[in-house]
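Read the structure below first, then the notes.
Heavy atoms only: backbone and side chains are in, while hydrogens, waters and symmetry mates are out. In what follows, residues are counted from 1 in the order of the sequence shown.
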Amino acid sequence: MEVMLSVRAESCIRCGKCVRVCPSKIFTQPASGGEIGLQGIGSCIVCGHCVAVCPTGSVEHGDFPPQKVHPVDRELLPLPEQVMLLCKARRSNRAFTAKPVPEETLDRILEAAHRAPTASNLQRVAFTLVTDPEKLHAISAFTVGVFASILKKLENPLLKPVLKRIAPQLYGYVPHFKRLISEFDKGNDLILRGATAVILIHTPSESRFGCQDANLAYQNGSLMPESLGVAQFYTGFVCSAVEQDRNRRLAKMLGISGKIHAGMALGIPAFRYPNYIDRKDINVTKL
């Protein structure tokens with residue numbers, strides 16, 4: 001990919017910020033206050049750091065024309081105390097109403113998730129938004145089906161002695177699998193819990209850091225529902241089933257060509273939590 005990059009000398013104040021932030025070391029400045037030069041432009045990862053940091057708009061990048069560059073009004077940013085309160089107030093709320101989440105609200109959550117960083121700025125994270133009730137039911141049915149298959153193997157009298165020896169931790173999940181399956185058969189979905197929307201986060205199968213990128217997107221996106229009055233939780237059961245299914249049945253069912261790494265179930269909360277509670281004491285090693 002050809003990158004168009006230049007520095008407008010007449011407005012550049014030679015502050016050197018672009019030199020310091022460029023991860024590919026494209027910008028050069030032999031001495032403090034000296035002229036800014038360019039080298040190895042082909043190694044640009046199109047992160048936009050140089051354009052975002054330039055105080056005079058002197059860095060010109062073909063991928064970031066003026067209409068894609070926006071000033072940050074830091075007076076509008078939340079205070080540290082507000083950010084911390086948002087983190088403390090965020091909960092995995094599984095008590096939903098039947099009311100659907102408005103489309104514009106889902107779009108804002110998706111945008112927040114999309115804004116997360118990605119390895120080497122490849123930005124290969126994609127999202128599949130599911131709101132069709134039949135498809136939502138199919139996601140839960142797929143998950144329960146995978147767990148039923150695992151349970152069958154765990155309880156196989158021929159396999160059980162071997163599995164108990166090589167993977168004893170799996171047997172701790174047997175009661176959970178049985179409960180999920182039993183409740184689903186009764187019409188109680190303990191997988192999606194009545195969520196009216198699910199966002200599945202995926203990357204191309206060959207992405208080396210696909211799992212990390214997708215979960216960074218989830219973390220970014222998961223804070224937005226709390227600020228919008230929407231309930232959400234991480235679809236851990238679904239992701240676990242996806243990991244166990246070598247045939248990629250869920251991805252194929254939903255037309256996803258890559259690999260699903262993370263997911264978020266969403267709905268309008270039946271109620272809000274009026275309190276937050278303290279977590280266990282933080283475990284930090286300072287070296």
Looking only at heavy atoms, what is the nearest atom pair of [X] and [Y], with distance?
X	Y	answer
Ala262	Asn215	CB-OD1, 3.7 Å
Cys54	Val59	SG-N, 3.8 Å
Phe64	Gly48	CE1-CA, 3.5 Å
Ile36	Cys12	CG1-SG, 3.8 Å
Pro269	Gly229	CD-O, 3.2 Å
Thr28	Leu38	OG1-N, 4.0 Å

How many angstroms lie between [atom1] in [X] and [atom2] in [Y], if you round to the nearest 0.5 Å?
X	Y	atom1	atom2	value
Glu60	Ser11	CD	OG	7.5 Å
Asn247	Lys252	CG	NZ	6.0 Å
Ile268	Thr97	CD1	OG1	6.0 Å
Ser240	Ile191	OG	CD1	9.5 Å
Leu190	Phe237	CG	CZ	8.0 Å
Arg115	Gln123	CZ	CD	9.5 Å

Exceeds 12 heavy-atom contacts within 6.0 angstrom, atom [atom1] of [X]:
X	atom1	answer
Tyr173	OH	no
Met253	CE	yes
Arg90	CZ	yes
Glu75	CD	no
Tyr276	OH	no

Keeping the roles fixed (side chain from [X], backbone from [Y]), state whether a donor-acceptor pair exists under 3.5 Å.
X	Y	answer
Arg248	Ser257	yes
Gln29	Arg14	yes
Asn93	Phe271	yes
Asn121	Val46	yes
Asp213	Thr118	no
Arg91	Arg272	no

Between Leu122 and Ser207, does the side-chain contact (heavy atoms from CB on, under 4.5 Å) criterion hold? Intermediate values first, please. CA-CA 9 Å; Leu122 290 177; Ser207 294; over 6 Å; no
Do the side chains of [X] and [Y] join up, straight or via other hydrophobic residues, at under 4.5 Å, putting them in one cluster?
X	Y	answer
Tyr171	Val162	yes
Leu228	Phe127	yes
Ile166	Leu151	yes
Met224	Phe233	no
Val7	Ile41	yes

side-chain contact (heavy atoms from CB on, under 4.5 Å) between Ile199 and Thr128, intermediate numbers included:
CA-CA 6 Å; Ile199 296 172; Thr128 294; over 6 Å; no
In Val101, Val198, Leu106, Leu266, the residue satisfying side chain to side chain contact (heavy atoms under 4.5 Å, CB included) with Thr131 is Leu106
Contacts of Glu183 meeting side chain to side chain donor-acceptor pair (under 3.5 Å) (sequence neighbours excluded), chain-then-number -> Asn188
Review point. Checking side-chain contact (heavy atoms from CB on, under 4.5 Å) for the pair Leu223/Val83: CA distance, chi angles, key distance, verdict?
Key: CA-CA 10 Å; Leu223 287 173; Val83 174; over 6 Å; no
Are side-chain heavy atoms of [X] and [Y] found at a separation under 4.5 Å?
X	Y	value
Tyr234	Met264	no
Val146	Thr143	no
Val125	Ile201	yes
His61	Val3	yes
Thr196	Phe96	no
Arg20	Phe27	no
His261	Thr203	yes
Val242	Phe142	yes

Residue pairs passing the ring pair (Phe, Tyr, Trp, His ring centres under 6.0 Å) test with at least one member in residues 175-200, sequence neighbours excluded, are His137-Phe184, Phe147-Phe177
- request: Would you mind checking if Lys178 and Glu155 are paired as a salt bridge, meaning a charged N to carboxylate O distance below 4.0 Å?
  value: yes
Do the side chains of Lys259 and Glu206 get close enough for a salt bridge, i.e. N-O under 4.0 angstrom? no
Applied to residues 125-134, the salt bridge (Lys or Arg N to Asp or Glu O under 4.0 Å) test, sequence neighbours excluded, yields Asp132-Lys135
_Is there a side-chain contact (heavy atoms from CB on, under 4.5 Å) between Asp245 and Leu250? Walk through the geometry before answering._
CA-CA 9 Å; Asp245 181 35; Leu250 183 61; 5.7 Å; no
Exercise for the section: Just do the salt bridge (charged side-chain N to carboxylate O under 4.0 Å, His left out) check on Arg108 and Glu104 with the steps written out, would you? Expected result: CA-CA 6 Å; Arg108 293 179 76 177; Glu104 59 272 20; over 6 Å; no
